[in-house]
Amino acid sequence: TGTASRHLVHQVRSTCDAVIIGGNTVRKDNPNLTTHGVSAHQPLRVVMSRSLDLPSECNLWQTDIAPTTLLTVSDSNATLKKELINKGVVIITVAALTPKMVMNYLYQQELSKVLWECGGILAAQAIADGAIQKVMAFVAPKIIGGITAPSPVGDLGLTAMTDALQLKQMTTQVIDSDILIEGYL
């Protein structure tokens, strides 16, 4: 997406209590998940990772910029855990790491406005778990072809168009050369 769309995402983040991503997003994108100067408020950055196969150096571990919590089911990678704790990252080990469990955890922490800014696999799990209420889908005028092309939503197990999830109260907006589609599940 273009600069104006990314700026809108920074504005949305500034209104959120937390932003959630998965380990793949950490490894592939090294995001900041901050408001990039739009607001002094920085949401809690939440990483879901079952394997703890994460880089020891990345933007999210800079907790002086914004707080970061890592939720995992794994007791592996004790070295990384120790490094991250020393950097101020809060690490929570849970029995089952699911979007529903993460939302319950955040709710117990009194965090209610949550932005799922994750990849397609985790997005599909969050939708299937009922953790997503509103969808903001940005469409950029770019085409990536191929069977391994990234998808904004992974496999939901739907095989027919009649089974497709329908957005309700849908709106569209043109932002420079991008299109924003918003709607509720």
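Remember, it's a predicted structure, so these values are computed and weren't measured experimentally.
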Tell me the closest heavy-atom pair linking [X] and [Y], and the distance in Å.
{"X": "Ala131", "Y": "Met103", "answer": "CB-CG, 3.7 Å"}
{"X": "Lys81", "Y": "Ile91", "answer": "O-CD1, 3.6 Å"}
{"X": "Leu158", "Y": "Asp163", "answer": "CD1-O, 3.5 Å"}

Heavy-atom side-chain proximity of [X] to [Y] below 4.5 angstrom:
{"X": "Glu57", "Y": "Lys87", "result": "yes"}
{"X": "Leu54", "Y": "Trp61", "result": "yes"}
{"X": "Pro99", "Y": "Leu122", "result": "yes"}
{"X": "Leu52", "Y": "Leu70", "result": "yes"}
{"X": "Val114", "Y": "Asp17", "result": "no"}

Query - Positive for side chain to side chain contact (heavy atoms under 4.5 Å, CB included) with Ile20, one of Leu115, Leu106, Val47 - result: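 The side chain to side chain contact (heavy atoms under 4.5 Å, CB included) with Ile20 is passed solely by Leu106 among Leu115, Leu106, Val47.
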
Query raised in the report: Does Thr63 use its side chain to pair, donor to acceptor, with the backbone of Val89 at less than 3.5 Å?
Result: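 Side chain of Thr63 to backbone of Val89, a donor-acceptor pair under 3.5 Å: no, none is there.
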
Requested in this report: May I ask you to decide if Ile127's main-chain N or O and Trp116's side chain share a donor-acceptor pair within less than 3.5 Å?
Outcome: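 No: the side chain of Trp116 does not pair with the backbone of Ile127.
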
Query - Residues Val26, Asp29; criterion side-chain contact (heavy atoms from CB on, under 4.5 Å); working and verdict - result: CA-CA 6 Å; Val26 174; Asp29 298 343; over 6 Å; no

All N/O donor-acceptor pairs, side-chain side in residues 33-44, below 3.5 Å, sequence neighbours left out:
from  : atom 1 : to    : atom 2 : distance (Å)
Thr34 : OG1    : His36 : N      : 3.4
Thr35 : OG1    : Ser39 : O      : 2.9
Thr35 : OG1    : Gln42 : NE2    : 3.0
Ser39 : OG     : His41 : N      : 3.0
His41 : NE2    : Cys16 : O      : 2.7
Gln42 : OE1    : Thr35 : N      : 2.9

Query raised in the report: Taking NZ, NE, NH1 and NH2 as the nitrogens, is one of them in Glu117 or Arg45 under 4.0 Å from a carboxylate oxygen of the other?
Result: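 No salt bridge links Glu117 with Arg45.
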
Which atom pairs, donor and acceptor, lie under 3.5 Å between side-chain atoms of residues 165-185 and protein residues at least two apart or in another chain?
from   : atom 1 : to     : atom 2 : distance (Å)
Asp178 : OD2    : Gly2   : N      : 2.7
Asp178 : OD2    : Ser5   : OG     : 2.7
Glu182 : OE1    : Lys134 : NZ     : 3.0

